[in-house]
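By convention in this document, chain letters (A, B, ...) are assigned in the order of the sequence lines, proteins followed by strands, and residues within each chain are numbered from 1. Values below: every heavy atom of this structure, side chains too, minus hydrogens, waters and symmetry copies.
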Number of protein chains: 2
Amino acid sequence: MRIRIGDVAQDDVARVAGVSQKTVSRVLNNEPNVRAKTREKVLAAVQSLQYHPNLSARSLASNRSFLVALLYDNPSQSYVMETLTGVLDACEPRNFGMMVKPLDSNAPDIAERTMSLVHKRRPDGLILTPPLTECGELLRTLKDRGIPFSCVLPHDPAENIGVTMDESAAACEITSYLVELGHRRIAHVTGRMSHSAAKWRLDGYREGLRLAGIRYHTSLVVQGQFTFSSGVMAARTLFASRKRPTAIFAANDEMATGVMWEAAHHGLMVPNDISVCGFDDSPMAEQVWPPLTTVRQPNRDMGRIAADQLLNTLEGGEGHMRTVPYTLCKRESTDSIVA
Amino acid sequence: MRIRIGDVAQDDVARVAGVSQKTVSRVLNNEPNVRAKTREKVLAAVQSLQYHPNLSARSLASNRSFLVALLYDNPSQSYVMETLTGVLDACEPRNFGMMVKPLDSNAPDIAERTMSLVHKRRPDGLILTPPLTECGELLRTLKDRGIPFSCVLPHDPAENIGVTMDESAAACEITSYLVELGHRRIAHVTGRMSHSAAKWRLDGYREGLRLAGIRYHTSLVVQGQFTFSSGVMAARTLFASRKRPTAIFAANDEMATGVMWEAAHHGLMVPNDISVCGFDDSPMAEQVWPPLTTVRQPNRDMGRIAADQLLNTLEGGEGHMRTVPYTLCKRESTDSIVA
DNA sequence: CTGAAAGCGCTTACAG
DNA sequence: CTGAAAGCGCTTACAG
């Protein structure tokens with residue numbers, strides 16, 4: 001039981017077109033030095049025979065797989081799906097395939113596991129997403145072995161190709177927005193602090209306070225883990241404090257949703273009793289009540305751009321580190337303090 | 001710029017092991033007729049040389065790709081991710097790779113698009129997820145051309161291999177649960193009626209009513225689209241009716257969340273003013289307030305099982321249609337009517 | 001139980 | 001601008 005394709009080979013196309021196999025190959029690969037007339041004949045034969053190149057043969061001969069691998073270790077299913085879709089957006093028109101590989105960023109042998117994938121499937125390059133981009137050992141291994149890769153939001157954008165976003169500026173902006181609404185006791189629920197994103201967002205929060213002349217209080221900062229339940233826990237801590245904040249900025253939407261969940265559980269109305277905002281603009285941001293004020297990170301675009309940078313280098317061009325803009329999404333979960 | 005592997009070939013292993021290349025191939029493919037001693041020698045050589053087989057060469061020679069393609073057209077990112085993860089669970093240990101392919105189930109040329117993928121990437125088989133399993137033309141094309149495929153929740157389980165679940169029974173059970181809680185005016189928000197799942201769930205709802213001796217009222221059934229916003233709209237319709245239902249069973253969690261959203265918007269308390277339940281047990285079910293009563297569909301398991309059935313047939317074994325059990329998840333979004 | 005030969009369908013390297 | 005030859009690293013089909 002096996003898929004059998006027409007089994008038309010370049011050979012057959014060549015015969016029909018009245019040229020050599022090599023010429024068919026040239027046309028198919030858009031190589032120069034083919035007369036327009038010859039090209040046409042070949043293309044016509046390809047068409048009439050319904051010829052489809054055999055990628056295995058091409059890979060074997062050229063020692064390339066025309067495959068990229070997307071590596072991830074992110075609890076957010078929507079994040080991974082958006083990124084994956086973006087990578088596919090980039091791969092499709094350039095005739096590359098994509099493999100996906102979930103990895104545990106805390107595994108001590110993560111570099112070996114990655115190399116095992118590289119040996120088995122031989123992707124031409126890799127795309128790393130946070131928090132895998134934080135694994136120094138992994139990045140070093142890939143660089144040492146000369147394996148091309150591209151990063152989404154790496155710790156050090158200057159040293160990699162891929163895509164990044166000014167998360168600190170975004171976090172600063174959303175904090176400033178809370179200030180504009182009249183809030184002064186603004187709490188922050190951080191992400192897992194080993195992730196750069198958590199640091200960037202905390203930095204932005206502090207900068208937002210500084211710009212408004214509001215003192216930074218560690219009592220208003222609670223550590224989360226980027227998960228829903230850590231948002232619930234953080235909110236519990238904050239609600240128990242003597243002087244409750246009037247607004248909470250959670251470092252991602254998942255935690256912000258947890259904060260809202262706990263607020264409801266605690267009998268607090270959002271935004272009347274407390275304003276809540278998040279970060280990412282994941283689908284849930286619009287599906288909770290009230291809709292969540294957040295920062296939109298264009299994950300699909302970022303996946304596409306990261307993949308494009310990688311493909312550029314694979315095709316002999318140049319890969320860069322691109323920066324995408326963010327958008328502040330003002331919704332109903334935040335309100336003016338003197339409503 | 002290209003990944004270069006050690007480039008150890010079977011040839012090299014054969015030389016080191018002191019056997020022929022064919023024997024190395026036999027050992028690697030677990031073929032019979034190799035002396036234990038010989039096998040050991042080969043394995044030792046493989047180990048010492050860090051040999052990794054070249055899949056392209058293997059594919060070219062054997063005319064198999066060792067690849068399956070997961071086809072989807074589902075708006076729920078968590079659904080796709082869970083299924084994909086399940087498929088990966090099955091592929092990993094059997095050394096198959098997975099491609100993913102988003103498709104538009106409404107495209108008139110869906111069969112051609114699929115065949116185009118088949119011609120380009122030559123997967124050994126396909127895995128179809130709803131609603132692609134509803135595309136008669138696609139299924140027919142695949143069968144006609146002898147392309148192996150496996151289905152998740154196909155319209156007609158008896159005619160395919162893969163995995164299914166008794167959705168009607170599950171819908172009946174959750175309806176009965178509402179009845180147990182004392183509800184009699186129970187509304188249903190259907191999914192997109194062209195999907196079998198929508199029909200099965202509606203059937204189960206009707207059966208649940210019938211078992212309780214409650215008459216079926218079309219005024220209590222509103223058409224949705226399986227989307228969040230269609231849930232919002234449906235709730236709006238139901239809340240506007242003269243006699244509001246005391247409970248709403250939405251055909252999936254996405255719509256149930258929309259119903260809850262609209263309830264909040266409308267100033268109705270869940271579950272005090274109205275009970276709401278869904279179907280799927282997607283991650284959001286536990287993240288909304290109050291947590292959503294729903295039916296758990298084990299999507300990851302289903303992905304794994306569907307893939308396993310396909311791989312069985314690809315490896316010369318038998319593929320079956322498996323049935324997985326569901327679980328009723330009782331949470332706080334539903335309550336007794338005389339609380 | 002083992003091996004020598006041919007061939008899968010391409011690209012590379014070279015020649016003209 | 002075009003082509004003949006060799007070879008990529010495996011498996012298949014056959015022989016012993």
Give the table of side-chain donor-acceptor pairs shorter than 3.5 Å for residues 152-159 of chain B, with sequence neighbours excluded, one pair per line with atom names and distance.
{"residue": "B/His155", "atom": "ND1", "partner": "B/Ser196", "partner atom": "OG", "Å": "2.7"}
{"residue": "B/Asp156", "atom": "OD1", "partner": "B/Ala158", "partner atom": "N", "Å": "3.3"}

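The only member of B/His320, B/Arg322, B/Met321 that meets side-chain contact (heavy atoms from CB on, under 4.5 Å) when paired with B/Ile305 is B/Arg322. Residue A/Leu310 is tested with A/Asp124, A/Val87, A/Leu128, A/Ile127 for a side-chain contact (heavy atoms from CB on, under 4.5 Å); the sole match is A/Ile127.
For the pair A/His52 NE2 and C/dC8 P, the computed distance is 20 Å after rounding to whole Å. Whole-Å rounding puts the A/Asp12 CG to C/dC10 P distance at 9 Å. Rounded to whole Å, the distance from CZ on A/Arg64 to C1' on C/dT12 is 13 Å. Going from atom CG of B/Asp11 over to atom P of D/dC8 covers 9 Å, rounded to whole Å. A straight line from OH of B/Tyr51 to C1' of D/dG9 spans 7 Å, rounded to a whole angstrom. Look at CD on B/Gln10: it is 14 Å from P on D/dC8, rounded to the nearest Å. One can place CD of A/Glu31 at 12 Å from C1' of C/dA13, the figure rounded to the nearest angstrom. Atom NZ of A/Lys41 and atom P of D/dC1 are 14 Å apart (whole Å).
Among the heavy atoms of the strands lying under 4.0 Å from A/Asn29 are primed sugar atoms or P, OP1, OP2 only; no base atom is included.
Considering only residues two or more places apart in sequence or on other chains, B/Asp104 meets the salt bridge (Lys or Arg N to Asp or Glu O under 4.0 Å) condition with none of them. For the salt bridge (Lys or Arg N to Asp or Glu O under 4.0 Å) test, no residue two or more places apart in sequence or in another chain qualifies with A/Glu112. Checked against ring-ring contact (aromatic ring centres under 6.0 Å, His included), A/Tyr51 has no partners two or more places apart in sequence or in another chain. Legend: residues meeting salt bridge (Lys or Arg N to Asp or Glu O under 4.0 Å) with A/Arg58, ordered by chain and number and at least two apart, are absent. The salt bridge (Lys or Arg N to Asp or Glu O under 4.0 Å) test applied to A/Arg35 returns no partner, not counting sequence neighbours. Legend: residues meeting side-chain contact (heavy atoms from CB on, under 4.5 Å) with A/Ala44, ordered by chain and number and at least two apart, are absent.
B/Ser25 has a side-chain polar atom (N or O) that falls below the 4.0 Å cut-off from OP1 or OP2 of D/dT11. Note on B/Asn54: every side-chain N or O is 4.0 Å or more away from OP1 and OP2 of D/dC8.
With a cut-off of 3.5 Å on both pairing distances, the Watson-Crick and G-U wobble pairs of DNA chain C assemble into stems of 3 or more at C:1-3 with D:14-16, C:5-12 with D:5-12, C:14-16 with D:1-3.
Relative to the side chain of B/Ala9, the nucleotides D/dC10, C/dT11, C/dC10 differ in distance, and D/dC10 lies closest.
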Tabulated below should be each protein N or O lying under 3.5 Å from an N or O of nucleotides 2-4 of chain C; please produce it.
{"residue": "C/dT2", "atom": "OP1", "partner": "B/Thr38", "partner atom": "OG1", "Å": "2.5"}
{"residue": "C/dT2", "atom": "OP2", "partner": "B/Arg35", "partner atom": "N", "Å": "2.9"}
{"residue": "C/dT2", "atom": "O4", "partner": "B/Arg26", "partner atom": "NH2", "Å": "3.3"}
{"residue": "C/dG3", "atom": "OP2", "partner": "B/Ser20", "partner atom": "N", "Å": "3.0"}
{"residue": "C/dG3", "atom": "OP2", "partner": "B/Ser20", "partner atom": "OG", "Å": "3.0"}
{"residue": "C/dG3", "atom": "OP2", "partner": "B/Thr23", "partner atom": "OG1", "Å": "2.6"}
{"residue": "C/dG3", "atom": "N7", "partner": "B/Arg26", "partner atom": "NH1", "Å": "3.2"}
{"residue": "C/dG3", "atom": "O6", "partner": "B/Arg26", "partner atom": "NH2", "Å": "2.7"}

